[in-house]
There are 2 protein chains.
Amino acid sequence: MMTDELSIGVDMGGTSLKVAVVRGTEIVERCEPVNTREYNTPQELIDSLGEQLRVLREQHPTVRAVGMGLPGFVNHAEGVADSLTNVPGWYDVPMRQILEKASGLPSSVENDANCMAYAEWKLGAARGMHDVVCLTLGTGVGAGVVANDQLLRGHLGAAGEIGQVSIDYRGRIGHYGNRGAVEDYIGNNELMREAQMFYAATAQGVPKEMETPVHLENAAKAGCPVAQALWDDAACKLATCLLNCHYILNPQAFVIGGGISKAGELLFVPLRRYLKAQIYPKHFAELQILPAKLGGDAGIIGAARLALDDLQQH
Amino acid sequence: MMTDELSIGVDMGGTSLKVAVVRGTEIVERCEPVNTREYNTPQELIDSLGEQLRVLREQHPTVRAVGMGLPGFVNHAEGVADSLTNVPGWYDVPMRQILEKASGLPSSVENDANCMAYAEWKLGAARGMHDVVCLTLGTGVGAGVVANDQLLRGHLGAAGEIGQVSIDYRGRIGHYGNRGAVEDYIGNNELMREAQMFYAATAQGVPKEMETPVHLENAAKAGCPVAQALWDDAACKLATCLLNCHYILNPQAFVIGGGISKAGELLFVPLRRYLKAQIYPKHFAELQILPAKLGGDAGIIGAARLALDDLQQH
């Protein structure tokens, strides 16, 4: 497999669309990110993306393929975006066909977190591993699973939706009617709602700056016991999700990236403690918990690499 | 792959050891089951098993391989039983080597629930499926996972331990220190403990016959609302475990066998209802929930078949 070839990676999030020409882990050329909220229909966004692809292809005629990650249920085999969790109006969009028509290049579509995981597995922290779960902690909890040296897709391409794993059968009702989904507890917004609720019940009340996980991180590092307890609680909940992955998949490693993972040892120390207490010692001893390596471009890098690897399959 | 070849299947449970000569799904000859509790050390049991293997091989000289399922963490690749959940004294037993020495035949070892799942996948209810989870509901909750047309084993062979999946991050502390393991709620003993607790709180008190799931089944079928509520509750808890498998693995089907699955529609009707309410409709529409086909011999049949299939790998 030649990995010095050029391909285009597209990373669509809930609010932005990022497009770049990629070689390995290198971003060769990056377009100005597009705010997806400025577009009223999928077609408008698709037209704008098509224009970007045409321009990039003219500038880089050796580009071989296009890969795109989308935030929701994506059927890679059929090339269809079934449903995007936080983007209204996207149902059963034949996105691979649209990309191929717009770019004139072989194209692949995949779930955005699967693209991130693919990048960490092929080129990042999980390189060379056969069984690994790569997570990204942000507004949601996304993940991709590698099992037996393959990206696990399942029957309809919907595998790896770790944010929907229940940690409480009587818990909150989430996006798909499902109770206790871990992302409904430790997603950025839910984490901060919890923080404000806890602070409100203290003598000091809610601090002036307590809107983002970074504020909560700073408070914990400054020694605030409320903030420290909240990080411990988030770690406990995340640990239960990872335990479930462990008992079902028995991976060699969890690779963790995304926003709240930046809290570092605040999250990782209690996370390791909760996992150690709940896993058979011989198995815990061989389980690695690693920070992601590729940062915010992992989604683009993974989509671009996946599209190249898919060329071998055709 | 010739499936009319003979092999020996060994199914070791918490209380009994069953050995048979198998052809496909047919039990050609079955030994008298051995009560494992009559043996004080692994070595005594191994000696007894070795004697059975020698006799069977003499009687069936065309037997090609031996496969054994064991109740606990088994590393198939290394051929080692790491730890057996309910059988004291079994740690790091090089069981494949022991079987090969005793029988003079190529041998394989695997987790018992994985053997059951292997049988249902190769020869039973899940035949021809690429992604499936096969469960057995009994004293514990065991399972095997097939993903991408392969039995999922994970890094140390410990994948598919679905009974340990947590349904409550603040739940009961289980065998490995882990909280909220589903088998600590719906395993036979826990289910009946719950039943007795609930009945004790009613005006009628605990019925005379309320020791086994069959008693609870009969009570529900006779119209007792306490028993019906208990089955609904068990289905809700099992549904959360299956939801977690669904979101991580996206299988085409759940195949369900073992003791309490015999309650049939009492369990399956509310189970489908809880799953339908918590899965994206397009995905639920394609998810099958099927009863197991091969019954109590699935473990022996799967172990025997696995040993034959492993011959191709060597």
Side-chain angles (χ1 to χ4, degrees), chain A residues 73 82-83 92 129-133 143 145 147-148 150 152-171 173-182 185 236-237 239-241 243-253 276-280 282-283 286-287, chain B residues 73 82-83 92 129-133 143 145 147-148 150 152-171 173-174 176-182 185 236-237 239-241 243-253 276-283 286-287:
Chain A
F73 294 131
D82 284 344
S83 158
D92 301 318
M129 293 187 186
H130 310 298
D131 301 276
V132 65
V133 177
V145 173
N148 275 336
Q150 294 172 301
L152 194 77
R153 294 191 167 104
H155 181 49
L156 303 169
E161 288 288 334
I162 281 174
Q164 303 308 320
V165 162
S166 175
I167 60 169
D168 186 353
Y169 71 101
R170 295 166 297 194
I173 295 181
H175 199 79
Y176 301 104
N178 52 328
R179 283 189 177 273
V182 68
Y185 295 82
C236 170
K237 289 164 177 165
T240 300
C241 171
L243 276 177
N244 287 344
C245 295
H246 165 77
Y247 283 115
I248 294 174
L249 300 163
N250 185 210
Q252 179 177 359
K276 185 176 182 181
Q278 299 182 77
I279 292 179
Y280 181 63
K282 185 174 171 181
H283 295 166
E286 294 212 26
L287 177 64
Chain B
F73 294 129
D82 284 344
S83 159
D92 302 318
M129 293 186 187
H130 310 298
D131 302 276
V132 66
V133 178
V145 173
N148 275 335
Q150 293 172 300
L152 194 77
R153 293 190 167 105
H155 180 50
L156 303 169
E161 289 287 336
I162 282 175
Q164 303 308 321
V165 163
S166 176
I167 60 170
D168 184 355
Y169 71 100
R170 294 166 297 194
I173 295 181
Y176 301 103
N178 53 329
R179 284 189 176 272
V182 68
Y185 295 82
C236 171
K237 289 164 178 165
T240 300
C241 171
L243 277 176
N244 287 345
C245 296
H246 164 77
Y247 283 114
I248 294 174
L249 300 163
N250 185 211
Q252 179 177 1
K276 186 177 181 181
Q278 298 182 78
I279 292 179
Y280 181 62
K282 184 174 172 180
H283 295 165
E286 294 211 26
L287 178 64

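Throughout, protein chains are lettered first and strands after them, A, B, ... in sequence-line order, and every chain is numbered starting at 1.
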Student: At what distance, to the nearest 0.5 angstrom, does OH of Tyr176(A) lie from NE2 of His246(B)?
Tutor: 9.5 Å
Student: Can you tell me which portion of Ala158(B) sits under 4.5 Å from chain A's heavy atoms? Options are side chain, backbone, both or neither.
Tutor: both
Student: Phe73(A) vs His283(B) aromatic rings, parallel, tilted or perpendicular, using cut-offs 30° and 60°?
Tutor: perpendicular
Student: Could you tell me whether the side chain of Asp168(A) and the main chain of Asp168(B) form a donor-acceptor pair under 3.5 Å?
Tutor: no
Student: Tell me, for Ile279(B) versus chain A, whether the close heavy atoms (under 4.5 Å) come from the side chain, the backbone, both or neither.
Tutor: backbone
Student: As an exercise, state the distance from OH of Tyr280(B) to OG of Ser83(A), rounded to the nearest 0.5 Å.
Tutor: 3.5 Å
Student: Is there a side-chain contact between Leu152(B) and Leu249(A) in this structure, where contact means two heavy atoms from C-beta onward sitting under 4.5 Å apart?
Tutor: yes
Student: Taking salt bridge (charged side-chain N to carboxylate O under 4.0 Å, His left out) as the test, write out the residues that go with Lys282(A), two or more places apart.
Tutor: Asp82(B), Asp92(B)
Student: Chain A: which of Pro281(B), Gly177(B), Ala181(B) shares the most heavy-atom pairs with it under 4.5 Å?
Tutor: Gly177(B)
Student: Distance-only, no hydrogens or angles: does the Gln278(A) side chain make a donor-acceptor pair with backbone N or O of Arg179(B) under 3.5 Å?
Tutor: yes
Student: With sequence neighbours excluded, tell me which residues meet side-chain hydrogen bond (donor to acceptor under 3.5 Å, both in side chains) with His130(A).
Tutor: Asp149(A)
Student: Taking every heavy-atom pair that is under 4.5 Å apart, which of Ala159(B), Cys241(B), Gly160(B), Cys236(B) has the most such pairs with chain A?
Tutor: Ala159(B)
Student: Evaluate side chain to side chain contact (heavy atoms under 4.5 Å, CB included) for Tyr247(A) paired with Asn178(B), printing each intermediate quantity in order.
Tutor: CA-CA 10 Å; Tyr247(A) 283 115; Asn178(B) 53 329; 3.8 Å; yes
Student: After noting the C-alpha distance and the side-chain angles of Gln150(B) and Gln150(A), does the key distance pass the side chain to side chain contact (heavy atoms under 4.5 Å, CB included) rule?
Tutor: CA-CA 11 Å; Gln150(B) 293 172 300; Gln150(A) 294 172 301; 3.4 Å; yes
Student: Is Cys245(B) close to chain A through its backbone or its side chain, or both, or neither, when contacts mean heavy atoms under 4.5 Å?
Tutor: both
Student: Which of the residues Thr240(A), Val165(A), Ile167(A), Val145(A) is involved in the greatest number of heavy-atom pairs with chain B at under 4.5 angstrom?
Tutor: Ile167(A)
Student: Please identify, among Gly180(B), Ser166(B), Gly171(B), the residue contributing the most non-hydrogen atom pairs under 4.5 Å to chain A.
Tutor: Ser166(B)
Student: Before giving the answer on side chain to side chain contact (heavy atoms under 4.5 Å, CB included), spell out for Glu286(B) and Leu156(A) the whole-Å C-alpha distance, their side-chain angles and the decisive distance to 0.1 Å.
Tutor: CA-CA 9 Å; Glu286(B) 294 211 26; Leu156(A) 303 169; 3.5 Å; yes
Student: Of all of Glu161(B), Lys237(B), Arg170(B), which one pairs up most often with chain A through heavy atoms under 4.5 Å apart?
Tutor: Glu161(B)
Student: Got a salt bridge between Arg153(A) and Asp131(B), using NZ or NE/NH1/NH2 to carboxylate O under 4.0 Å?
Tutor: no
Student: Rounded to the nearest 0.5 Å, how far does CG of Leu243(A) lie from CG of Asn244(B)?
Tutor: 11.5 Å
